[in-house]
Amino acid sequence: MRISRRALLASAAGAILPRSIGAADTADRSRMIVHSPQPEDIEMPLDGFTEWITPVDRFFVRTHTYMPTVKLSEWSLKIDGKVDRAMTITMDDLKRLPRVELVAVLECAGNGRSFYQPRVAGTQWAFGSVGNGRWAGARLRDVLQKAGVQDSAKEILFDGADVPLGKMPDFQRSITRAKALHPDTLLAYEMNGGPLPMEHGFPLRVIAPGWASDSWVKWLQHIEVLDREFDGFWMKSAYRHPTQPVAPGTAVDPAAMVPVTNLNVKSVIASPNDWAKPGIVRVQGAEWSNASPVNKVEVSTDAGKTWRPAKLGGPKTQYGWRLWQLDWRAMQGQYTLMARTTNEAGQTQPLEQAWNPSGYLWNVAQPRTITISNQAPVSDGPAGGPPEQPPAAYKTACFGCHDEHMMEQQRLSRARWDAELNKMIRWGAPLKDEDRESVLNYLSGRFK
Ligand SMILES: Nc1nc2c(c(=O)[nH]1)N[C@H]1C(S)=C(S)[C@@H](COP(=O)(O)O)O[C@H]1N2
Ligand SMILES: [Mo]
């Protein structure tokens with residue numbers, strides 16, 4: 001593919017950051033929070049939680065590497081592995097299968113990562129690496145049945161057309177046989193009534209409703225049926241979380257953790273954000289869950305001492321989110337607002353967040369401080385003095401694949417920066433041993 005040569009060049013030379021790889025995308029960045037322009041990680045701001053279906057130009061984007069350019073005329077889907085008939089199918093073949101449409105929440109496992117203490121490395125999402133989409137496509141089950149899944153099948157492995165940077169492992173993800181054969185697991189070619197936009201996986205992506213979106217592989221071009229657990233990096237090292245409580249800040253052996261699957265029950269307050277005028281204040285937001293629909297949200301304006309049910313809106317669907325609102329008579333003062341959701345299975349948001357090493361599945365009923373006054377409070381400007389001069393080695397070693405957005409958003413201890421340097425060197429960052437100390441000093445001094 002065209003991109004691989006450029007990616008190689010970028011990692012070898014540590015040179016210019018390619019600006020426009022892939023097709024133009026439809027997200028309106030001026031209304032989004034940009035964590036990294038390339039690879040592209042952009043977040044929906046809080047007001048997005050007032051719309052039932054998240055429009056494409058407001059939908060968050062998460063990419064581990066540069067977005068590929070996929071031309072439908074050159075695209076096909078290969079299905080092989082433990083099947084009776086390995087095959088390659090086209091979009092026309094897919095569209096001849098029954099078309100299924102459903103509304104489902106797409107949420108990154110790392111949504112809310114920036115709130116974890118101690119901080120962990122990764123995209124520093126606040127609330128908005130989540131959206132509610134309307135997806136349509138063929139059932140994965142129907143495609144797999146065409147190929148004939150053998151009895152030994154255990155996992156289904158997905159690979160997209162995106163090409164890794166440097167020596168970074170290719171983004172490949174597997175799901176269980178049971179999830180793959182579930183009638184709601186789709187291969188979607190449509191989003192919100194139009195063709196799947198490029199940045200959301202054109203021409204085809206996996207829809208694994210109720211599961212975190214790291215399983216919703218984009219730009220899908222290869223499905224392999226495996227008779228074992230897939231042992232690639234993005235299954236065995238990344239996207240794993242502990243099943244037992246762990247002490248905050250501790251390192252946990254990936255072998256002692258399980259892959260992230262189901263989403264947690266969760267709600268977000270869209271508004272008010274931090275200030276409102278006295279009077280009737282509309283508290284509103286969205287709530288969602290996994291395969292068990294949400295059916296209740298309670299709101300507290302006194303830091304959890306008392307709770308009142310909010311009014312639900314937005315149609316009820318199995319996997320989609322619902323909107324909610326409560327009109328609150330607010331007098332001058334400082335308040336702590338919370339919203340707490342429960343699903344039909346009786347799962348409810350915790351009041352304390354358990355910590356995990358990669359900052360996944362944040363879902364605490366999060367206290368939000370709000371000032372009720374006639375005048376907006378003056379906020380403090382950004383803290384910190386003028387930036388230090390970075391060592392020369394930093395520029396050559398660290399700007400071949402992405403710019404400083406990646407570093408800037410992190411707030412890490414020296415030990416965590418050290419681990420991050422190891423990861424980037426493994427992926428191909430050209431950092432010489434003798435320059436390591438100065439780069440580590442810079443990063444841990446500046447982004448702490
Ligand atoms: N091929 C491919 N699929 C992918 C990814 C990726 O980097 N490459 N990122 C995954 C992750 S971690 C998330 S959160 C979602 C983001 O989907 P979106 O960009 O459509 O919002 O896509 C998933 N599918
Ligand atoms: Mo993600």
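Atoms within a ligand are numbered from 1 in the order they appear, just like the ligands themselves.
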Would you mind checking if Asp92 and Lys95 are paired as a salt bridge, meaning a charged N to carboxylate O distance below 4.0 Å?
no
Are Lys154 and Asp227 close enough for a salt bridge, meaning some N to O gap below 4.0 Å?
no
Where ligand 1 meets Trp216 - atom numbers and elements under 4.0 angstrom, heavy-atom basis
22 (O), 23 (C), 24 (N)
Look at atom 8 (N) of ligand 1 and say which protein heavy atom is nearest, naming residue and atom and giving the distance to 0.1 Å.
Asp162 OD2, 2.6 Å
Atoms of ligand 1 close to Thr63 [distance to a heavy atom under 4.0 angstrom, numbered from 1]
7 (O)
Please state whether the rings of Tyr239 and Trp234 are parallel, tilted or perpendicular, taking 30° and 60° as the class boundaries.
tilted
Verify ring pair (Phe, Tyr, Trp, His ring centres under 6.0 Å) between Trp321 and Phe49, making sure each step is shown before the conclusion.
CA-CA 9 Å; Trp321 72 29; Phe49 291 100; 5.4 Å; yes
So is there a nitrogen or oxygen of Phe60 less than 3.5 Å from a nitrogen or oxygen in ligand 1?
yes
Could you label the plane-to-plane angle of the Phe115 and Trp362 rings as parallel, tilted or perpendicular, counting under 30° as parallel and over 60° as perpendicular?
tilted
Per-residue contact class, Thr65 against ligand 1 - non-hydrogen pairs under 4.0 Å:
neither
Could you identify the single nearest non-hydrogen protein atom to atom 7 (O) of ligand 1 and state the distance to 0.1 Å?
His64 ND1, 2.9 Å
Proximity to ligand 1 by part of Phe171, non-hydrogen separation under 4.0 Å:
side chain
With Leu204, which of Val217, Leu72, Leu187, Val70 fulfils side-chain contact (heavy atoms from CB on, under 4.5 Å)?
Leu187
Got the closest protein heavy atom to atom 15 (C) of ligand 1, with its distance?
Ser213 O, 3.5 Å
By number and element, which atoms of ligand 1 are closer than 4.0 Å to a non-hydrogen atom of Val217?
1 (N), 3 (N), 24 (N)
Under 4.0 Å between a Lys/Arg side-chain N and an Asp/Glu carboxylate O for Arg173 and Asp214?
yes
Give the atom numbers and elements of ligand 1 that come within less than 4.0 Å of a heavy atom of Cys108.
14 (S)
Pair Arg119-Gln124, side-chain donor/acceptor within less than 3.5 Å:
yes
Would you mind listing which atoms of ligand 1 come within a distance below 4.0 Å of any non-hydrogen atom of Trp219?
1 (N), 2 (C), 8 (N)
Checking contacts here: is it the side chain or the backbone of Phe158 that comes within 4.0 Å of ligand 1, counting heavy atoms only? Could be both or neither.
neither
Of the listed options Arg173, Lys218, Glu43, His200, closest to atom 3 (N) of ligand 1 (non-hydrogen atoms)
Lys218
If you have a sec, work out which protein heavy atom is nearest atom 16 (C) of ligand 1 and how many Å separate them, to one decimal?
Arg62 CB, 3.7 Å
May I ask you to identify the nearest protein heavy atom to atom 22 (O) of ligand 1, giving residue, atom name and distance to one decimal place in Å?
Arg205 NH2, 3.3 Å
Test log, rule side chain to side chain contact (heavy atoms under 4.5 Å, CB included), inputs Ile269 and Ile370:
CA-CA 11 Å; Ile269 299 172; Ile370 159 159; over 6 Å; no
Check whether the ring centres of Phe171 and His64 lie less than 6.0 Å apart, and answer yes or no.
yes
So the atoms of ligand 1 within less than 4.0 Å of a heavy atom of Tyr239 turn out to be 12 (S)
Which of the atoms in ligand 1, numbered in the order shown and given with their element, are less than 4.0 Å from a heavy-atom of Leu106?
17 (O), 18 (P), 20 (O), 21 (O)
Could you go through the side chain to side chain contact (heavy atoms under 4.5 Å, CB included) check for Arg436 and Asp418 one step at a time?
CA-CA 9 Å; Arg436 207 176 186 290; Asp418 196 48; 2.7 Å; yes
